[in-house]
2 protein chains.
Amino acid sequence: MARDTRERIVRVARDLVHGASMAQVSVEEICAAAGVHKGSLYHFFPSKDALGVAVLDANWALMRALLEEAFGDDVPPLVRIDRFVDGYAGMLALMRERMGATPGCPLGNLAAEVSSRDGEMRTRIVRIMDAWARYFVEAVREARGRGDVGPAVDADEVAVHILAHLQGMATMARAYDRPELAGRARGGVRMLLGLPA
Amino acid sequence: MARDTRERIVRVARDLVHGASMAQVSVEEICAAAGVHKGSLYHFFPSKDALGVAVLDANWALMRALLEEAFGDDVPPLVRIDRFVDGYAGMLALMRERMGATPGCPLGNLAAEVSSRDGEMRTRIVRIMDAWARYFVEAVREARGRGDVGPAVDADEVAVHILAHLQGMATMARAYDRPELAGRARGGVRMLLGLPA
DNA sequence: GCCCTTGTTGACCGTCTGGTCAAGAGCGGC
DNA sequence: GCCGCTCTTGACCAGACGGTCAACAAGGGC
């Protein structure tokens, strides 16, 4: 029951936080949902912030799983990007059904909420964003090498734009409570790559 | 001293909230910064949420001022959009100097924070986003009429993409604490319009 | 069978929070 | 000079919150 408890806490916390925010979800709420007492949570985590870091890591693990799934096979680079956008939008739609509201980007939400306070969280988020962008950088570079995108495309620059675009669309999806908005990011990403919609 | 107090409270609250979030800023903090006692604040606002609505409106007023300034004159539509992006990025940079940290989009932040809870705030945010997008829709339509952008450009669709892009870049700027990222949105917006960077 | 480590319990605490309220200023109209 | 309205004061409250703690399982190693 040891590691199982810890993982259950993080998983439950991740879901609750993704549906709302770190501040809106209380420690007791998380404990109740995980079927655990508060002291038990504090046995594994020294503070709520530390749990927040674990939640962030869990979100990154989830995102990385989506990325690996989309970028794994040997399909053309632009198809990989499209597949990821679809997976990303699919995740939002799934969460919407599970929780009754469109949640927004799990990483972007935390970034927006927490990056005003300093601390470990912020530097960690920056590193995560960098790692996330790297997937796009490599795909775009490869696409340029194949002539799928114009030779003037700056992979590093475009990667940041794609990332921002995804997060922005997720924020809009959350505000409008319309998860399909995230799916429309596909067209935006193509435009950012200099391709016709 | 009547209306002056109310306005001072809202202005101070807007600044503090823009620098952090609604949840992170306490009512007492706002009162102290405004030089006002709590009872006085609650004389004007029935609840913190109501103050939050006023803050949202103040943010929209600020954004609308930026929009009017950029979209006012008789310059070509694409120049108007560029000017707005510059003004938007300039605002972030200015706030960064005033508060020591890059704040993110004042509207997008609130949207991300509050839209999980329902209530008046959410519907109001949606209306604001719509009104904001309308500026872009009209400019893009005009640009298409003049042949500045391709005839296949869907103004409504592109407007949403532009909006999302701005918010996403602002979120990234906040996370990285690098306000100049918002300025780079200019290139992204051009790409979204199907133009060379 | 004992011990020691890891995990669990549930009562407890201080603090901060949003919010209230009765009493009092200040001030314009009459 | 009095009234009545708007605004201000500052003490106050109940509840929620993050966090603590001493005591108590559980179970594997020796």
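Every heavy atom of this structure was used, including side-chain atoms; hydrogens, water molecules and symmetry mates were not. Just so it is clear: chains get the letters A, B, ... in the order the sequence lines come, proteins before strands, and each one is counted from 1.
- Between B/Glu142 and B/Arg80 there is a salt bridge, since at least one side-chain N of the basic residue sits less than 4.0 Å from a carboxylate O of the acidic one.
- Shown here are the side chain to side chain donor-acceptor pair (under 3.5 Å) partners of B/Tyr135, two or more places apart in sequence or in another chain: B/Glu68.
- Between D/dT8 and B/His37, no contact under 4.0 Å exists linking OP1 or OP2 to a side-chain N or O.
- One can place CG of B/Leu41 at 15 Å from C1' of D/dG10, the figure rounded to the nearest angstrom.
- Rounded to an integer number of Å, the gap from CD of A/Gln24 to P of C/dT17 is 17 Å.
- Donor-acceptor pairing under 3.5 Å is recorded for the side chains of A/Gln24 and B/Ser116.
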**Nucleic acid footprint by protein, nucleotides 18-26 of chain C - heavy-atom cut-off 4.0 Å, B for base, S for sugar-phosphate alone** = BBBB-----
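- Electrostatic pairing of A/Arg141 and A/Asp156 counts as a salt bridge here, judged by a charged N lying under 4.0 Å from a carboxylate O.
- Between B/His43 and the phosphate of D/dC7, there is a side-chain N or O to OP1/OP2 separation shorter than 4.0 Å.
- Environment of CD in B/Glu69: sparse, with no more than 12 heavy atoms of neighbouring residues, nucleotides or ligands closer than 6.0 Å.
- A salt bridge links A/Arg8 with A/Asp4: at least one charged nitrogen is closer than 4.0 Å to a carboxylate oxygen.
- Atom CG in B/Asp4 sits about 18 Å away from atom P in D/dT6, given to the nearest Å.
- Phosphate proximity of D/dC7 to B/Thr5: absent, as no side-chain N or O sits under 4.0 Å from OP1 or OP2.
- In this structure, A/Ile30 atom CD1 and D/dC17 atom C1' are separated by 12 Å, rounded to whole Å.
- Atoms CZ (A/Arg6) and P (C/dG7) sit 10 Å apart, rounded to a whole Å.
- Atom-to-atom, CD1 of A/Ile9 to P of C/dT9 comes out at 10 Å; the value is rounded to the nearest Å.
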